[in-house]
Amino acid sequence: MKIDFFSAKPYDKLFFDRFNLTYGFDLEYHDTHLGPDTVDIIKDATAICVFVNDKLTADVIEVLSKKGVRIIALRCAGFNNVDLDAAKKFNVAVCRVPAYSPEAVAEHAVAMLLTINRKTHKAYNRVREQNFSLNGLMGVNLFGKVVGVIGTGKIGKAFINIMAGFGCKILAYDIYPDADLIGKGLNYVPLEELFQKSNVISLHCPLSKENHYLINKKTLSLMKPGVTLVNTSRGGLINTLDIIEALKTKQVSALCIDVYEQEEGLFFEDLSSDIIDDDIIQRLMSFPNVLITAHQAFFTEEAMAEIAEVTLDNISKLNENRMPGNAPVMLT
Ligand code: NAD
């Protein structure tokens, strides 16, 4: 069976080729995104494998089905880029990897928080230039600080465990509080109280219509002056223009983002020789207290191995008309 990959990077090829030794599928890698302009490059594929910025619109899915593609395998958890109704209509199965290493994302959130607080990114560069001065490098102890966690699912839970180990006091908010965590003493509070009392706020909930721009002018004004915000979830949770204002007034003392609402076309690409016409990210990058990484929180060897293994297993089972897993794996 042939599988066409889109948005494929060298690291995708490395992991999928390794795990494909068990399956022996014919894998063809395309570095381009999938969309209406690129769907025609698919030839003789039974399955396609796509990532977060590929566009599976109704017209693309119709072409896929005409070309005999029966399986869309997402090598990620999120599926906001797939028209699931069209997939059902054209009888194309859609599967994903619902969880591939919550610890990877949680550890990256902590790495960003430590970096922005203790300014190790600046210290690294300084020392390489034989500048051993400490001016401007002072941070604060995280021990004893109040950390607000929004979303206490797999990643939020892993993040809480790490921060509790640092001696932080945790306040949590989730629309579905976790009974196990309550049993272990986790303090769930109303969202407003979390905003008012936290020194650090980390977002670990999915993006939905209801929580789009959860962080906005109004909610920012409820927060402790000098709050630090960390977002490794989805860019649309933060109103970027509002947070730029809050950075300018110092209501927000530091911002760490691994996701950005306009990240498509920027993240995952080397644009070092290009002119970037997104003035908003340029403004964000100009702040000394903003740390941006390009959607790399998931990017560990363990997570990549899990993604490759589960994706190929999903495709293999669907190809044999077997169900690869329960509802979280199958989307149609
Ligand atoms: P999960 O489904 O295990 O947990 C999500 C939690 O958020 C659930 O407990 C849910 O009840 C809660 N929730 C939903 N809506 C909420 C709201 N409006 N307010 C508060 N809580 C809410 O998901 P997860 O595996 O922990 O992943 C969380 C998010 O992390 C994903 O949705 C994705 O956006 C993001 N993510 C980012 C990367 C990355 O590389 N940066 C990788 C994987 C996942």
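One-based numbering, in listed order, for ligands and for the atoms of each.
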NZ/Lys169: more than 12 non-hydrogen atoms of other groups inside 6.0 Å: no
Aromatic ring pairing Tyr29/Phe5, orientation class (parallel under 30°, perpendicular over 60°, tilted between): tilted
Consider every N or O of [X] and every N or O of ligand 1, then say whether any pair is closer than 3.5 Å.
X	result
Phe298	yes
Ser208	no
Asp258	yes

Just to be sure I read this right, does ligand 1 sit under 4.0 Å from the backbone of [X], its side chain, both, or neither, counting only heavy atoms?
X	result
Tyr100	side chain
Ile175	both
His204	backbone

Option whose closest heavy atom lies nearest to atom 30 (O) of ligand 1, chosen from Leu207, Ile155, Val97: Ile155
Option with minimal heavy-atom separation from atom 6 (C) of ligand 1, where the choices are Asp174, Val52, Leu214, Val149: Asp174
For [atom], which protein heavy atom lies nearest, and how many Å away is it?
atom	result
atom 37 (C) of ligand 1	Thr232 O, 3.1 Å
atom 5 (C) of ligand 1	Pro206 CD, 3.6 Å
atom 19 (N) of ligand 1	Tyr173 CE2, 3.6 Å
atom 17 (C) of ligand 1	Asn211 ND2, 3.8 Å
atom 22 (C) of ligand 1	Cys205 CB, 3.4 Å
atom 2 (O) of ligand 1	Lys154 NZ, 3.9 Å
atom 29 (C) of ligand 1	Ser233 OG, 3.7 Å
atom 33 (C) of ligand 1	Arg234 NH1, 3.8 Å

Say whether [X] and [Y], considering side chains only, have a donor N or O and an acceptor N or O under 3.5 Å apart.
X	Y	value
Arg70	Asn319	yes
Asp258	Thr293	yes
Asp278	Tyr260	yes
Ser233	His204	no

Ligand 1 contacted by Ala99 (non-hydrogen, < 4.0 Å): no
Could you tell me whether the side chain of [X] and the main chain of [Y] form a donor-acceptor pair under 3.5 Å?
X	Y	value
Thr38	His33	yes
Ser316	Leu312	no
Asn239	Asn216	no

Within the 6.0 Å centroid threshold, strictly below: Phe51 and Phe268: yes
